[in-house]
Amino acid sequence: MRELGLDPYGHRQHDLLSLAEAAGRYDEAADATHQESAAARKGVLKDNPEAEDAPPMIDDRPRVRVAGRVMLIRDSGKLVWMNLRDASHESFQVAVSKADCDELGFALAKQTDLGDIVVASGPLMKTRKGETTIWASGLEPGSKCLVPPPSKHDGLQDQELRYRQRYVDLWSNPETTSVFMLRARVIAALRAHLASIGFVEVETPMLQSQAGGAAARPFVTHLNALDMDLYLRIAPELYLKRLLVGGMPRVFEINRNFRNEGVDRSHNPEFTMIELYEAFGDCSTVMDISESLVRVAAKVASKMRAGETGVRAEGGSLVLPFGDLSIDYAPAFDRVNYGELFERGLGFAFTDHDRARAEATKRGIKTRNEAGEDIDIVFIINELFEEFAEPKLDPARPTWIVGYPAALSPLTRPMADDPSLADRADLFIAGMEIGPHYTELNDPDVQAAKFREQLAGVDDEERTFRSFDADFIRALKSGMPPAGGMGLGIDRLMMLMADQRSIRDVLLFPFMRPEAT
RNA sequence: GAGGGCGUAGCUCAGUUGGCAGAGCAGCGGACUUUUAAUCCGCGGGUCCAGGGUUCGAGUCCCUGCGCCCUUACCA
């Protein structure tokens, strides 16, 4: 290619259209006129090659200039066919003819390999088989692909390679690109919706001197300038609440949290959460916001799906597939009481602590910790609940679990009419926990007591990253308005929207063990 | 952490009872101006994940390790 005087790695281009835009510019009338005039001229010249009165060629076909990755190539001597792909279009045909393309372009076409990026320009026409095609007048290098491309039929199948070499996965498997296009559109729509109801997006520290706002093991890093350890945040909660104190009444943050824990189908060490606080709201106001956000996301997803399949979503319903399930996001989400669900799953009331301890032993749930001490009954109850009651939920119906025991939710305001219950709701869809919703605690004395209580129960290792957040208590002492708060796991939401069973399939670069060298 | 599956050419995959390492595509050389996974002729291509064992002989059987996938557990 260099021998032709071409730079295999291309240069800046003007007036490029996406392949989808280019396909949309095809003009049937112009194509027909051109074909007729060419045929007429050819007919006259055939009889008399010297004919002065041969009709002129009329060519006002739209001309386009596109760039794309070569996915297929068919070389039949003096005519080379290629199919280009970009993010907008899976396969768009270009024909490079020796007679009609400039000499350099044709020479390039003969040297083009699968996987190369090329820039093609020329008029739009249709082939005999009716496929819209650029009949190239010029072809230029975009970028050379030196790596052998994946199978042109099957794309890249190997899961490990798909995650490790996402750049290849993206160009070789168009379904992968569409998952991430959907992700981008959903997140943009969530932001737009929140802005439209008066929420302000903020950014709070990811490097924190103590990792608060959730119960999880943090990642540790070091600030050399001050020779001190810092933690990657496990949640933004305590900073967002400080903003409520400061007078920002409706704030949210869509950003990464980091948790130094297990890696599996629904857990990645870094993951994206939307966390939101509404002053003078409560658990039920933020539940409404979440329902509308999930519905906004489902609308974007069903619109994109309809665009792909050409099928319109039926009026009033927002049904999306998830594995074997069909989930309708349109109707109001179900609500079920923690206590009722517990009874349905276990056959007795969760307030019967003696029975709970006995059942736990019978059903093989730990009732003592490693030190041989009795585990607090609330954790045993929760264990029973998660194991035997949560599975009773219909996975195909988005469901709120409400009325959690107060003892399980130390950072939540108790219900006014029953202080043994917390004003908290958790959203479950398809058996996945999507996010907790709370009426936030804003009494500094109660909060301080809860912090102390929590700290009393932790071991030495945990104490290194969890300490009493005195500044947060000081902030509450300034007065935090009563508020509702919620967190939604964006990655899990995207698994539902994109019908992907693994969190790795909705993260562009999921965590992978480093490759052996 | 436990159980199961997989790992063979650049990619997608076969490989029978333990008996010479295979196919398609990709690559290289050649033919071809309306092809659609183009076609036709010819040619190269291997640390069978790694290490050990059984055996006359191991891609195949056994053990150990590594990686990925699935299930399950843990992560209040």
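In the text below, chain A, chain B and the rest are named by the order of the sequence lines, each starting its count at 1.
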Are [X] and [N] close enough that a side-chain N or O sits under 4.0 Å from OP1 or OP2?
| X | N | value |
| --- | --- | --- |
| A:R265 | B:U71 | yes |
| A:R513 | B:G67 | yes |
| A:R74 | B:U35 | no |
| A:R259 | B:C75 | no |
| A:R504 | B:C68 | no |

Whole-Å distance between [N] [atom2] and [X] [atom1]?
| X | N | atom1 | atom2 | answer |
| --- | --- | --- | --- | --- |
| A:E160 | B:C68 | CD | C1' | 5 Å |
| A:M125 | B:U34 | CE | C1' | 7 Å |
| A:D31 | B:U34 | CG | P | 17 Å |
| A:R217 | B:C74 | CZ | P | 16 Å |
| A:E386 | B:C75 | CD | C1' | 11 Å |
| A:D158 | B:G10 | CG | P | 13 Å |
| A:D169 | B:C11 | CG | C1' | 14 Å |
| A:I503 | B:C69 | CD1 | P | 13 Å |

Distance between the [atom1] atoms of [N] and [M], in whole angstroms?
| N | M | atom1 | answer |
| --- | --- | --- | --- |
| B:C13 | B:U72 | P | 25 Å |
| B:U60 | B:A21 | P | 13 Å |
| B:A26 | B:G59 | P | 30 Å |
| B:A23 | B:A9 | C1' | 11 Å |
| B:G15 | B:C75 | C1' | 43 Å |
| B:C25 | B:G19 | C1' | 30 Å |
| B:G27 | B:U34 | C1' | 27 Å |
| B:U16 | B:A58 | P | 16 Å |

Worksheet item: Of the nucleotides B:U12, B:C69, B:U36, which has the atom closest to the A:L156 side chain?
Response: B:U12
Only pairs with both distances under 3.5 Å count, Watson-Crick or wobble alike; so what is the partner of [N] in this structure?
| N | result |
| --- | --- |
| B:G22 | B:C13 |
| B:C61 | B:G53 |
| B:C43 | B:G27 |
| B:U35 | none |
| B:A2 | B:U71 |
| B:C48 | none |

Practice prompt. Please state whether the rings of A:F342 and A:Y338 are parallel, tilted or perpendicular, taking 30° and 60° as the class boundaries.
Written response: parallel
Output yes when [X] and [Y] qualify as a salt bridge under the 4.0 Å nitrogen-oxygen rule, no when they do not.
| X | Y | value |
| --- | --- | --- |
| A:E340 | A:R344 | no |
| A:E440 | A:R413 | no |
| A:R25 | A:E21 | no |
| A:D354 | A:R357 | no |
| A:K98 | A:D102 | no |

Kindly give the heavy-atom pair with the smallest separation between [X] and [Y], and that separation in Å.
| X | Y | value |
| --- | --- | --- |
| A:C145 | A:R69 | CB-NH1, 4.2 Å |
| A:F388 | A:L346 | CB-CD2, 3.7 Å |
| A:L421 | A:G403 | CD2-O, 3.6 Å |

Scan [X] against the nucleic acid and name what it touches under 4.0 Å (heavy atoms): base, sugar-phosphate only, or nothing.
| X | result |
| --- | --- |
| A:A99 | base |
| A:R164 | sugar-phosphate |
| A:E261 | base |

Worksheet item: For A:M287, does its backbone N or O pair with a side-chain atom of A:S290 as donor and acceptor, under 3.5 Å?
Response: no
Discussion item. Does the Lys NZ or Arg CZ of A:R166 fall within the cation-pi geometry relative to A:F509 - under 6.0 Å from the ring centre and within 45° of the axis?
Written reply: no
Worksheet entry | Pair listing, salt bridge (charged side-chain N to carboxylate O under 4.0 Å, His left out) test, anchored in residues 486-496 of chain A, at least two apart | A:R183-A:D491
Fill in: Residues A:W400 and A:D426: side-chain donor-acceptor under 3.5 angstrom
no
Item to complete: Could you check A:Q159 against A:K78 and say which one's nearest nucleotide on RNA chain B is further toward the 5' end?
Response: A:K78
Worksheet, complete the sentence: When A:V263 and A:T127 are each assigned the nearest nucleotide of RNA chain B, the 5'-most assignment goes to A:T127
Discussion item. Tell me whether the side-chain N or O atoms of A:D264 pair up with the base of B:C74 as donor and acceptor below 3.5 Å, since no angle test is needed here.
Written reply: yes
Worksheet item: Going by modelled atom types, is there a donor-acceptor pair between the base of B:U35 and the side chain of A:E131 at under 3.5 Å?
Response: no
Output a table of nitrogen or oxygen pairs between the protein and nucleotides 24-27 of chain B separated by less than 3.5 Å.
from, atom 1, to, atom 2, distance (Å)
B:C25, O3', A:K152, NZ, 3.3
B:A26, OP1, A:K152, NZ, 2.8

Response to the item:
Once base and sugar-phosphate atoms are separated, protein heavy atoms under 4.0 Å mark nucleotides 39-51 of chain B, 5' to 3', with B, S and - as -------------
